[in-house]
Amino acid sequence: LLQREQIEKRNDQVNRVLGEITAQYNDLDCPAILLKGQGAALNYPVSRHRTPGDIDLFFFRKGDYERANRWVREQGIRCEQESVKHLGFDWKGVHIENHRVMATFERPKYNRRYREEEDRLIRAGNWKRETMGGSEVLLLPPTFNACYLFLHLFHHFIHAGVSTRQLSDWILLLQQKQQEIDHVEAAHLFDRLALSRPASLFAAAAVRYLEIPPEVFPIPPAKESPDITRIMEDL
């Protein structure tokens, strides 16, 4: 009970800061897309019971990333070393990352393909809108998010290890947004980014060990592979 109350209070704090930083960036005319995190929590049975992390905001218009970062530095906020993807900093007790890109791939071929898909997404502009922390927050459309959340999950799995939270984020999105996800388009994204095979293995693990209906996955779950067991052992 105590742990649950602590998680709820932390979620309230993160949502409050999310609303404040979103309002601040909107005042600067720098709208941003909320990635993962509190947006993924909306798919949980009780969103305040998901263990919260940081706030990731993607600036999709040219020049906005630099303008937002300039505002951060003008406030005298200590920032982390800027990476090829983002600038990180702590604000009002919450870690925030301003993203210039949503993701990167180590192989140039797939990095280029991802940029093409990201650009196509931006041109379409079909963002979801939710009120969080008193501000309107933009979210990725469910079809693209079905691929993006897995990409985030898989990259963590390969490079740094992953928790069941990332797996839950992906599965709950697929379940809750099933009617909004275009499985043909999602499968195209998985295939183009060479994610079909790993996605099929994670899907198979979810079907076998968590009894998730296979039809929720855009990629058919793998039939048999020792990697299915290895995935769950690693988790």
Side-chain angles (χ1 to χ4, degrees), residues 33-37 39-40 42-44 56 58 60 84-85 99 101-124 126-128 139-235:
I33 308 299
L34 174 65
L35 306 173
K36 313 183 303 272
L42 297 175
N43 298 313
Y44 281 62
D56 294 86
F58 168 58
F60 56 96
V84 295
K85 286 200 305 183
H99 282 251
V101 295
M102 288 190 283
T104 57
F105 286 73
E106 294 177 358
R107 293 183 61 183
K109 172 183 176 180
Y110 295 107
N111 213 41
R112 183 176 64 254
R113 287 186 180 183
Y114 181 79
R115 291 291 170 275
E116 292 171 355
E117 295 299 338
E118 192 175 89
D119 289 343
R120 189 160 66 95
L121 175 75
I122 293 169
R123 288 195 300 272
N126 296 322
W127 314 118
K128 301 289 289 184
L139 303 171
L140 293 174
T143 298
F144 191 90
N145 212 11
C147 183
Y148 179 73
L149 285 181
F150 180 78
L151 171 59
H152 174 69
L153 157 71
F154 187 56
H155 277 195
H156 270 268
F157 180 78
I158 294 297
H159 296 291
V162 70
S163 73
T164 53
R165 183 181 66 176
Q166 283 84 14
L167 181 62
S168 297
D169 287 353
W170 184 51
I171 292 172
L172 287 169
L173 170 82
L174 297 176
Q175 288 183 314
Q176 297 300 318
K177 303 298 184 184
Q178 188 173 8
Q179 300 305 313
E180 300 178 55
I181 295 173
D182 183 332
H183 277 211
V184 174
E185 175 62 20
H188 164 76
L189 287 170
F190 278 99
D191 183 62
R192 188 145 198 261
L193 300 175
L195 294 172
S196 296
R197 176 60 177 166
S200 73
L201 293 169
F202 274 84
V207 171
R208 178 185 297 179
Y209 294 100
L210 303 177
E211 300 182 353
I212 305 299
E215 59 269 17
V216 307
F217 296 98
I219 299 298
K223 298 300 182 182
E224 290 294 336
S225 171
D227 291 331
I228 299 171
T229 302
R230 293 190 185 111
I231 285 170
M232 292 307 295
E233 287 175 347
D234 188 86
L235 286 169

With the side chain counted from C-beta on, respond yes when Trp127 and Leu121 share a heavy-atom pair under 4.5 Å apart, and no when they do not. yes
Check whether any side-chain heavy atom of Phe190 lies under 4.5 Å from a side-chain heavy atom of Ser200, and answer yes or no. no
Partners meeting side-chain contact (heavy atoms from CB on, under 4.5 Å) with Lys223 (sequence neighbours left out): none
All N/O donor-acceptor pairs, side-chain side in residues 171-184, below 3.5 Å, sequence neighbours left out:
from	atom 1	to	atom 2	distance (Å)
Glu180	OE1	Lys128	NZ	2.9
Asp182	OD1	Val184	N	3.0
Asp182	OD1	Glu185	N	3.1

So does Met102 get a backbone contact from the side chain of Tyr148, meaning a donor-acceptor N/O pair under 3.5 Å? yes
Report yes if some heavy atom in the side chain of Leu201 is under 4.5 Å from a heavy atom in the side chain of Arg230; otherwise report no. no
Stepwise, does the salt bridge (Lys or Arg N to Asp or Glu O under 4.0 Å) test hold for Arg120 with Glu117? CA-CA 5 Å; Arg120 189 160 66 95; Glu117 295 299 338; 2.6 Å; yes
Parallel, tilted or perpendicular: rings of Phe105 and His155 (30°, 60°): perpendicular
Go through the structure and list residues passing side-chain contact (heavy atoms from CB on, under 4.5 Å) with Asp234, not counting sequence neighbours. Phe157
For Leu42, side-chain contact (heavy atoms from CB on, under 4.5 Å) partners two or more places apart: Glu130, Met132, Leu139
Taking the side chain as C-beta and beyond, is there a heavy-atom pair between Thr104 and Arg115 under 4.5 Å? yes
Of all heavy-atom pairs between Ser196 and Ala187, which one has the smallest distance, and what is that distance? OG-O, 4.5 Å
Please step through side chain to side chain contact (heavy atoms under 4.5 Å, CB included) for the pair Arg208 and Met232, ending with a clear verdict. CA-CA 10 Å; Arg208 178 185 297 179; Met232 292 307 295; over 6 Å; no
How close do Cys147 and Leu193 get, heavy atom to heavy atom, and via which atoms? SG-CD1, 4.0 Å
In short, Ala186 meets Pro218 closest at the heavy-atom pair CB-CB, 3.8 Å
pair Tyr114-Val101: side-chain heavy atoms closer than 4.5 Å: no
I'd like to check the side-chain contact (heavy atoms from CB on, under 4.5 Å) partners of Arg107; sequence neighbours left out, ordered by chain and number. Tyr110
Walk me through it: do Phe58 and Ile122 pass the test side chain to side chain contact (heavy atoms under 4.5 Å, CB included)? CA-CA 11 Å; Phe58 168 58; Ile122 293 169; 3.9 Å; yes
How far does NE2 of His156 sit from CG of Leu151, to the nearest 0.5 angstrom? 10.0 Å
Once salt bridge (Lys or Arg N to Asp or Glu O under 4.0 Å) is applied, do any residues pair with Glu118, and if so which ones, sequence neighbours excluded? none
Leu153 side chain near Leu149 side chain, heavy-atom distance below 4.5 Å: no
Is the centre of the Phe217 ring less than 6.0 Å from the centre of the Trp170 ring? yes
Taking all atoms of both residues into account, what is the closest heavy-atom pair of Tyr44 and Arg165, and its distance? OH-O, 3.5 Å
Could you give the distance from CD1 (Ile219) to CZ (Arg197), rounded to the nearest 0.5 Å? 12.0 Å
Is the ring pair Phe154/Phe202 parallel, tilted or perpendicular, if the boundaries are 30 and 60 degrees? perpendicular
Can you measure from CG (Asp56) to CG (Leu35) and round to the nearest 0.5 angstrom? 6.0 Å
Side chains of Asp169 and Lys36: closer than 4.5 Å at any heavy-atom pair? no
